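One structure is given below, encoded as structure tokens.
Treat the numbers as computed from the prediction; the structure is a model and nothing was measured. Below, chains carry the letters A, B, ... as their sequence lines are ordered, and counting in each starts from 1.
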There are 2 protein chains.
Amino acid sequence: MVRRNDQRRAALVDAAIEVLAREGARGLTFRAVDAEAAVPAGTASNYFGSRDDLLTQAGARVYERLQPDEATIARQRAAGRDRETYAELMRELVSRVAAFRTGYLALLELRLEATRRPELRKVLTERVRADLDANVAYHEESGLPGDATAVKLLILALNWLIVEQLTLPDVFTEAERDQLVAAAVERIVAAE
Amino acid sequence: MVRRNDQRRAALVDAAIEVLAREGARGLTFRAVDAEAAVPAGTASNYFGSRDDLLTQAGARVYERLQPDEATIARQRAAGRDRETYAELMRELVSRVAAFRTGYLALLELRLEATRRPELRKVLTERVRADLDANVAYHEESGLPGDATAVKLLILALNWLIVEQLTLPDVFTEAERDQLVAAAVERIVAAE
DNA sequence: AACGTAGTACTACAGCTGGAGTGGTGTCAA
DNA sequence: TTGACACCACTCCAGCTGTAGTACTACGTT
């Protein structure tokens with residue numbers, strides 16, 4: 001029987017994210033998730049019918065947790081709209097995502113898994129599209145300079161910058177990263 | 001004793017890349033490499049002292065194989081230097097990298113592994129830096145428009161575009177990807 | 001030409017690790 | 001009392017590793 005205690009289920013999914021980030025897809029076993037969540041061995045087995053199941057739920061969960069919190073959104077709405085402020089905003093975004101290191105790394109693991117798992121691919125594709133659309137919509141609504149293409153390009157560049165930072169942190173220095181973010185904003189968004 | 005047949009060793013490393021891309025880090029075992037390379041079980045064990053060893057060599061190998069061949073380089077040198085040609089060049093670059101799908105996917109797996117393996121991280125960091133520098137240098141030497149920062153931004157954006165294409169191909173259509181590449185060139189490189 | 005040697009290919013084995021799943025019992029609440 | 005869940009323990013199983021043992025090939029020596 002599949003267990004339905006939602007709190008516990010969420011704890012297990014979060015644990016899965018941590019394991020995924022720390023040990024990779026290789027180390028993601030039901031047992032490892034049990035250990036990470038500090039529940040008895042066998043629990044994850046009871047909650048998830050299959051590995052696929054677990055991975056899919058983890059994928060959805062990361063996106064939930066990557067959303068900025070209310071306070072951040074409010075602060076952003078209140079902020080000025082000049083180019084400098086925008087760059088600052090983007091630096092914050094990179095920091096925020098990079099700060100949830102395990103979540104982002106887990107997401108990369110999941111992307112690679114998605115290569116082999118149609119179900120997971122479907123879920124992730126939807127989330128990524130929604131996220132992209134939301135970003136574009138938010139941007140347009142905000143009245144900041146730059147069109148949809150600009151936003152997309154910015155997101156592309158920033159994403160890889162984060163990958164670089166998380167996986168090979170010594171390729172760029174922190175200063176270089178900041179400078180690249182600033183340049184990206186300046187040249188992509190502001191070049192109309 | 002560690003075996004020294006270089007041809008066989010290369011075949012094993014190439015096989016490792018395929019396995020890595022197809023089955024992920026989870027499926028990368030000495031035995032799987034043996035099977036992929038169609039050599040007797042135990043061979044990979046004889047050639048590589050450890051998993052680390054195998055991964056490190058695979059990392060170096062992917063970069064070797066990602067270099068464009070002579071013909072491509074020559075053609076590029078002969079090409080015109082206007083913005084349109086440049087965009088075409090970039091589209092080709094994205095295609096070329098995405099065409100060695102397994103190599104690029106393996107590289108992503110390796111990046112994630114590098115998170116846990118200092119040795120591998122060191123190797124990859126060097127390769128990525130060298131690749132980046134080479135791109136910048138080539139670009140400057142070529143006389144095409146755009147400074148070093150522009151090249152870096154372009155590389156960031158293109159890298160993630162490739163990730164997107166390889167892992168979640170339905171997020172963007174092919175037309176969108178082409179359009180994004182064109183826009184990237186236009187706004188990043190040509191905006192001076 | 002015969003022989004010896006070194007390095008490699010191949011086969012097989014034996015041990016081991018670690019995960020999966022499940023049945024049974026305890027516990028709590030409706 | 002009953003149902004759902006937590007917890008524990010146990011068994012089964014699959015797969016990987018490393019290596020010992022043997023055969024083969026190439027090459028150099030005498």
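Between C:dA9 and B:Arg8, a contact under 4.0 Å exists linking OP1 or OP2 to a side-chain N or O. In this structure, B:Ser45 reaches the D:dG18 phosphate: one of its side-chain N or O atoms is under 4.0 Å from OP1 or OP2. Taking 4.0 angstrom as the limit, A:Asn5 places none of its side-chain polar atoms (N or O) nearer than this to OP1 or OP2 of D:dA4. OP1 or OP2 of D:dC16 sits under 4.0 Å from a side-chain N or O of B:Thr29.
The nearest whole Å value for the distance from the CG atom in A:Asn46 to the P atom in C:dG23 is 11 Å. Distance A:Arg26 CZ to D:dC16 P: 9 Å, rounded to the nearest Å. The separation between A:Phe48 atom CZ and C:dA20 atom P is 13 Å, rounded to whole Å. Across the protein-nucleic acid pair, B:Gln7 atom CD and C:dT8 atom P stand 14 Å apart, rounded to whole Å. Put simply, CZ on A:Phe30 is 18 Å from C1' on D:dC7, counting in whole angstrom units. Distance CG (B:Asp34) to C1' (D:dG18): 12 Å, rounded to an integer number of Å. What separates OH of A:Tyr47 from P of D:dC5 is a distance of 7 Å, to the nearest Å. The interatomic distance linking A:Arg9 (CZ) with D:dA4 (C1') rounds to 14 Å, in whole Å.
The base of C:dA9 sits within donor-acceptor range of the side chain of B:Arg3, with an N or O pair under 3.5 Å.
At the heavy-atom level, A:Pro40 lies under 4.0 Å from the strands shown only through sugar-phosphate atoms. Within the 4.0 angstrom heavy-atom criterion, base atoms lie near B:Ala41.
For DNA chain C, if you chain together Watson-Crick or G-U pairs that step i with j, i+1 with j-1 and so on, the runs of at least three with distances under 3.5 Å are C:1-30 with D:1-30.
Cation-pi geometry between B:Arg77 and B:Tyr138 is not met at under 6.0 angstrom from the ring centre and within 45 degrees of the axis.
A salt bridge does not link B:Glu174 to B:Arg177: none of the charged nitrogens lies less than 4.0 Å from a carboxylate oxygen. Using a 4.0 Å cut-off between a side-chain N of Lys or Arg and a carboxylate O of Asp or Glu, B:Glu109 and A:Arg116 qualify as a salt bridge.
Of the residues B:Thr56, B:Leu108, B:Leu120, the one that meets the side chain to side chain contact (heavy atoms under 4.5 Å, CB included) test with B:Glu113 is B:Leu120.
The 5' end of DNA chain D is approached more closely, in terms of each residue's nearest nucleotide, by A:Arg31 than by the other of B:Ala32 and A:Arg31.
Checked against side-chain contact (heavy atoms from CB on, under 4.5 Å), B:Arg65 has the following partners two or more places apart in sequence or in another chain: B:Asp14, B:Ile17, B:Arg61, B:Phe100.
The aromatic rings of B:Tyr86 and B:His139 lie perpendicular to each other, with more than 60° between the two planes, well past the 30° mark.
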I'd like to know whether A:Thr43 forms a side-chain hydrogen bond (donor to acceptor under 3.5 Å, both in side chains) with A:Asn46, so could you lay out the CA-CA distance, the side-chain angles of the two residues, the decisive distance to 0.1 Å, and finally the verdict.
CA-CA 5 Å; A:Thr43 305; A:Asn46 286 330; 5.5 Å; no
